[in-house]
Amino acid sequence: MSSQDLHVYNTLSRKKERFEPIHAPHVGMYVCGPTVYGDAHLGHAKSYVAFDIVLRYLRYLGYKVRYVQNITDVGHLVGDGDDGEDKISAKARLEQVDPMQIAESYTYTYFRDMDALNVLRPDISPRATGHIPEQIQMIQDLIDRNHAYESNGNVYFDVKSAPEYGKLSGRNLDEATSGTRIETASDKRHPADFALWKRADDGHLMKWSSPWGVGYPGWHIECSAMSTKYLGNEFDIHGGGLENQFPHHECEIAQSECATGHSFAKYWLHNNMVTLDGQKMGKSLGNAITLEEFYTGNHALLNRAWKPQVIRFFLLQSHYRSTTDFSEKALEAAETGYQKLISLVNSVLSVDFKSVDTSSLEAPALEHIKIDFESAMNDDFNTAQAIAALFEHLKKLKKDIQSYHYPSDFDALQKWLQQAFENILGLPLSNEASIQQDASELAKELIDILLDLRSKARLQKDFQLSDTIRDRLHELGVVLEDSHQGTRYTLPK
RNA sequence: GGCGACAUGGCCGAGUGGCUAGGCAGAGGUCUGCAAAACCUUGUACGGCGGUUCGAAUCCGCCUGUCGCCUCCA
């Protein structure tokens, strides 16, 4: 599908729909954030890079987006059913610290790792523990509207009271529960009823008072309460990982719509998973590689470190609704391709248009590039195709420039290209520079001295010496490239 | 068992009822003191079997295989 209008795949309808905001030009977008009890891994990167693209592209189109992404710091239970321990608490007990230290520490590393990937910060990052009153209020509303009931200090959502329950995941309530493997809590009316509020015993670390006694909120209610608080009862986009489609998002819809009497999010966007050897990468499966490990190369499956921008580019080369199969070989291919693309872009951007002879300009070119790029992006954010379009156009453009054929709108083209790269795709153009920043000033100056000596040797045709210098540097990972303009180098990866 | 996806050339990965995806790797070449880089040229694809069609890899059916959700997970 190529179109001048943005179309997004809506999980609710299971098809691509034209994107029409409820209150244009304003767009409200909510994306399920991380549970902060461990480091972010490649799977998180796929999800948050995907929605970063959504955010950036909507802004490019001129929408005024308010982007809300929660931080889950309570209520997410370990293990099966509703009786597991809270994930944050479990980690806090293990490390003998206050749960809030755990949450704070992993919130910090989450943002640090996402910043490195050039993922824009949400406008609002609400914490679940900071919104206990809002959650209690919503639970009370559900009780008042006969969609929830209290039982032994627990409050459950009554799924039978929500006829539309199952509409997102396509589940039939009776079928879904007949094959269930979890032990049903005895105080539930229906096995599929889920907890809104849980009673806390004395040993519990995180607990609050409520109309139903001391306890803590269920996992699903935070997203309903916080999205509604900051985006209103009804808003445009709700995003998250595919694995949260059921039960999390299904429960969110049921709670929110029953509590407010309004329909909830208009478009539901779900990103697919990162796989490793065909298996989902996940914390519980023990096959997750954290972003920190990618950045340092410190993991058994990694032979070397990988730049965050390479990870980002790698992810953008596949569609967000497809699985991305990880291998170091694929990363390597992405890295080489990315560097080539950067160099194509820079060869276009480095031309000083003011010094170009304007008497012999060719036809304008920007419109062609924009059309191809935008129709790819308009088709449910197809970054893979958008990048392919850039490769194709830039190769041709570079060739034209080398033969002094400039399109008449070259200056506008340069501006747009830079914007497309840095603002829409979020890919840094100063790849070379950022690599060189890693070396100390001293190292750079030492290399400069060696390069000086080598070029003197080359002038004197002492190639034995010049090659020795090049080879010795190569052993250290410093790669030299000779050109007519002089010798460039790249530092170890 | 229920629900839902996907199967594309050596690898990654878009897309489409008839027209080059793109990247990486490979091969040949130009350039170069030699490299590297750059540039040029180049190739095999659409899981299997049926059906619809003038024409399908693209639509339909069946089969096989892989994966996700149904339990916390981006």
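Order of the sequence lines sets the chain letters (A, B, ...), proteins ahead of strands, with each chain counted from 1. Just so it is clear, the values below take in all heavy atoms, side chains as well, and ignore hydrogens, waters and symmetry mates.
In this structure, a donor-acceptor pair under 3.5 Å is present between the side chains of A:Asn70 and A:Tyr30. When only modelled atom types and interatomic distance are considered, A:Glu293 and A:Tyr295 share no side-chain donor-acceptor pair under 3.5 Å. The closest side-chain donor-acceptor pair between A:His41 and A:Thr290, if any, does not fall under 3.5 angstrom. In summary, the side chains of A:Thr323 and A:Asn272 do not present any donor paired with an acceptor at a separation below 3.5 Å, with no hydrogens or angles considered.
Side chain of A:Lys46, nearest nucleotide from B:rA74, B:rG23, B:rG33: B:rA74. Of the candidates B:rG13, B:rC39, B:rG33, the closest approach to any side-chain atom of A:Ser318 belongs to B:rG13. The side chain of A:Ser466 sits closest to B:rG33 out of B:rC34, B:rG33, B:rA74. Set against B:rA25, B:rA74, B:rC70, the side chain of A:Thr336 has B:rA25 as its closest nucleotide.
Between A:His41 and A:Leu285, the residue anchored nearer the 5' end of RNA chain B, judged by the nucleotide with its closest heavy atom, is A:Leu285. Of the two residues near RNA chain B, A:Ser327 and A:Ala388, the one whose nearest nucleotide lies more 5' is A:Ser327.
Summarising the geometry, the separation between CD on A:Gln317 and P on B:rA14 is reported as 10 Å, rounded to the nearest angstrom. A straight line from CD of A:Gln279 to C1' of B:rC67 spans 8 Å, rounded to a whole angstrom.
Within 4.0 Å of A:Gly43, counting heavy atoms only, lies at least one base atom of the nucleic acid. Among the heavy atoms of the strands lying under 4.0 Å from A:Lys329 are primed sugar atoms or P, OP1, OP2 only; no base atom is included. Contact annotation for A:Leu331: no contact, since no heavy-atom pair falls under 4.0 Å across all strands. The residue A:Gln245 sits apart from the nucleic acid: no heavy atom pair falls under 4.0 Å. Across all strands shown, A:Val31 has no heavy atoms under 4.0 Å from either base or sugar-phosphate atoms. Heavy atoms of A:Tyr48 sit under 4.0 angstrom from primed sugar atoms or phosphate atoms, though from no base atom. At a threshold of 4.0 angstrom between heavy atoms, the contacts of A:Asp467 include nucleobase atoms, whether or not backbone atoms are also involved. Within 4.0 Å (heavy atoms only), A:Thr275 reaches no atom of the nucleic acid at all. Contacts of A:Asn272 with the nucleic acid, taken as non-hydrogen atoms under 4.0 Å apart, include base atoms. As judged by a 4.0 angstrom heavy-atom cut-off over every strand, A:Lys340 is placed among residues touching the sugar-phosphate backbone only.
Base-pair partner of B:rU16: not found among the strands shown (Watson-Crick or G-U wobble, both distances under 3.5 Å). With a 3.5 Å ceiling on both atom-pair distances, the Watson-Crick or G-U wobble partner of B:rA27 is B:rU41. Remark: B:rC59 base-pairs with B:rG51; criterion is Watson-Crick or G-U wobble with both hydrogen-bond distances under 3.5 Å. With a 3.5 Å ceiling on both atom-pair distances, the Watson-Crick or G-U wobble partner of B:rC6 is B:rG65. With a 3.5 Å ceiling on both atom-pair distances, B:rC46 lacks any Watson-Crick or G-U wobble partner.
To the nearest whole angstrom, the two P atoms, one in B:rG23 and one in B:rU42, are 14 Å apart. Spacing of P atoms, B:rA27 relative to B:rA36, comes out at 12 Å, to the nearest Å. Going from the P atom of B:rA45 to that of B:rU20 covers 15 Å, rounded to whole Å. Nucleotides B:rU44 and B:rC39 place their C1' atoms 25 Å apart, quoted to the nearest Å. Nucleotides B:rG28 and B:rA37 are separated by 16 Å at their P atoms, to the nearest Å. A distance of about 29 Å separates the P atoms of B:rG13 and B:rC3, rounded to the whole Å. Here, B:rG15 and B:rG9 have their C1' atoms 15 Å apart, quoted to the whole Å. Rounded to whole Å, the P atom of B:rG4 lies 42 Å from the corresponding atom of B:rG43.
Ring-base stacking between A:Phe391 and B:rG23 is not satisfied when judged by a centre separation under 5.5 Å and a plane angle under 30°.
Applying the 3.5 Å distance criterion, the base of B:rC6 shares no donor-acceptor pair with the side chain of A:Arg321. Residue side chain A:Asn382 does not reach the base of B:rG15 through any donor-acceptor N/O pair under 3.5 Å, judged by distance alone. Taking 3.5 Å as the limit, the base of B:rG33 and the side chain of A:Arg458 contain a donor-acceptor pair of atoms between them.
Separation of the A:Tyr57 and A:Phe373 ring centroids does not fall under the 6.0 Å cut-off. Within the 6.0 Å centre-distance limit, the rings of A:Phe19 and A:Tyr267 are counted as a close aromatic pair. Ring centroids of A:His249 and A:His238 are separated by less than 6.0 Å, placing the two rings close together.
Taking side-chain N and O atoms only, A:Ser322 has a distance below 4.0 Å to OP1 or OP2 of B:rA14.
A cation-pi arrangement is present between A:Arg171 and A:Phe246, with the terminal nitrogen or guanidinium carbon under 6.0 Å from the aromatic centre and inside a 45° cone about the axis.
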